[in-house]
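Let me begin by presenting the structure, written as structure tokens, before commenting on it.
The sequence lines fix the lettering, A, B, ..., with proteins before strands; numbering per chain opens at 1.
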Amino acid sequence: MPRPDSHPTEYAERVLDIVERIPPGRVMAYGDIAELLGEGGPRQVGTVMAVWGGGVPWWRVIRADGTPAPGLEVRARSHYAAEGTPLRPSGRVDMAAARWEGPDPSEAV
DNA sequence: GCAATGACTGGTA
DNA sequence: TTACCAGCCATTG
């Protein structure tokens with residue numbers, strides 16, 4: 001992955017831009033963002049979040065099975081409680097209900 | 001150029 | 001339900 005001290009690449013900025021657009025109470029999977037961008041893959045999105053994700057609502061980006069990134073589960077849960085994110089009885093995010101498909105075309109810049 | 005690594009994913013046991 | 005495995009893709013050493 002890129003060195004943390006290097007500046008964000010154009011690809012990274014696009015990933016972070018999408019994450020900032022995720023509405024409260026909604027989430028996206030790493031693979032969803034990669035597919036929305038049309039380039040790279042889930043690993044690349046995860047790498048971007050690991051290095052530069054600190055400046056965006058990273059808790060709205062989770063794995064495809066609804067579990068947040070390792071080590072961030074506790075912090076993520078508090079955010080979900082504050083935003084009213086749909087949770088499954090098992091404690092994971094309800095992807096079927098909370099999954100965000102991306103910005104509406106009418107919102108496109 | 002090669003091997004290792006990682007906030008991933010989907011399938012199988 | 002969890003655990004393990006193979007595939008995936010860009011970056012690092």
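The side chain of A/W58 approaches B/dA7 more closely than any other nucleotide in the set C/dC9, B/dA7, C/dT2. With B/dG6, C/dT1, B/dA7 as the choices, the nucleotide that has an atom nearest any side-chain atom of A/R92 turns out to be C/dT1.
Separating the CD1 atom of A/I33 from the P atom of C/dC8 is a distance of 22 Å, rounded to the nearest angstrom. Atoms CE (A/M95) and P (B/dC8) sit 13 Å apart, rounded to a whole Å. Nucleotide B/dG6 holds its P atom 15 Å from the CG atom of A/L72, rounded to whole Å. Counting to the nearest Å, the P atom of C/dA10 and the CD atom of A/E39 are 9 Å from each other. Whole-Å rounding puts the A/W52 CH2 to B/dG6 C1' distance at 14 Å. Between A/Q44 atom CD and C/dG7 atom C1' the separation is 13 Å, expressed in whole Å.
The side chain to side chain donor-acceptor pair (under 3.5 Å) test applied to A/E101 returns no partner, not counting sequence neighbours. By the side chain to side chain donor-acceptor pair (under 3.5 Å) test, A/E73 is found to be paired with no residue, residues two or more places apart in sequence or in another chain being considered. In terms of the ring-ring contact (aromatic ring centres under 6.0 Å, His included) criterion, residue partners of A/W58 (sequence neighbours excluded) are, by chain and number, A/H79.
Evaluation of the salt bridge (Lys or Arg N to Asp or Glu O under 4.0 Å) test over residues 55-70 of chain A, restricted to residues two or more places apart or in two chains, returns A/R60-A/E83.
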I'd like a table of donor-acceptor pairs (distance under 3.5 Å, sequence neighbours excluded) in which one partner is a side-chain atom from residues 26-33 of chain A, with atom names and distances.
residue, atom, partner, partner atom, Å
A/R26, NH1, A/R99, O, 2.9
A/D32, OD1, A/R99, NH2, 2.3
A/D32, OD2, A/A29, N, 3.2
A/D32, OD2, A/R99, NE, 2.8
A/D32, OD2, A/R99, NH2, 3.0

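Looking only at distances, no side-chain donor or acceptor of A/Y80 sits under 3.5 Å from a matching main-chain atom of A/R92.
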Where do N or O atoms of nucleotides 9-13 of chain B meet protein N or O atoms at under 3.5 Å, pair by pair?
residue, atom, partner, partner atom, Å
B/dT9, OP1, A/G31, N, 3.3
B/dT9, OP1, A/A64, N, 3.3
B/dT9, OP2, A/A64, N, 2.8

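A donor N or O paired with an acceptor N or O is not found under 3.5 Å between the base of C/dC9 and the side-chain atoms of A/R43.
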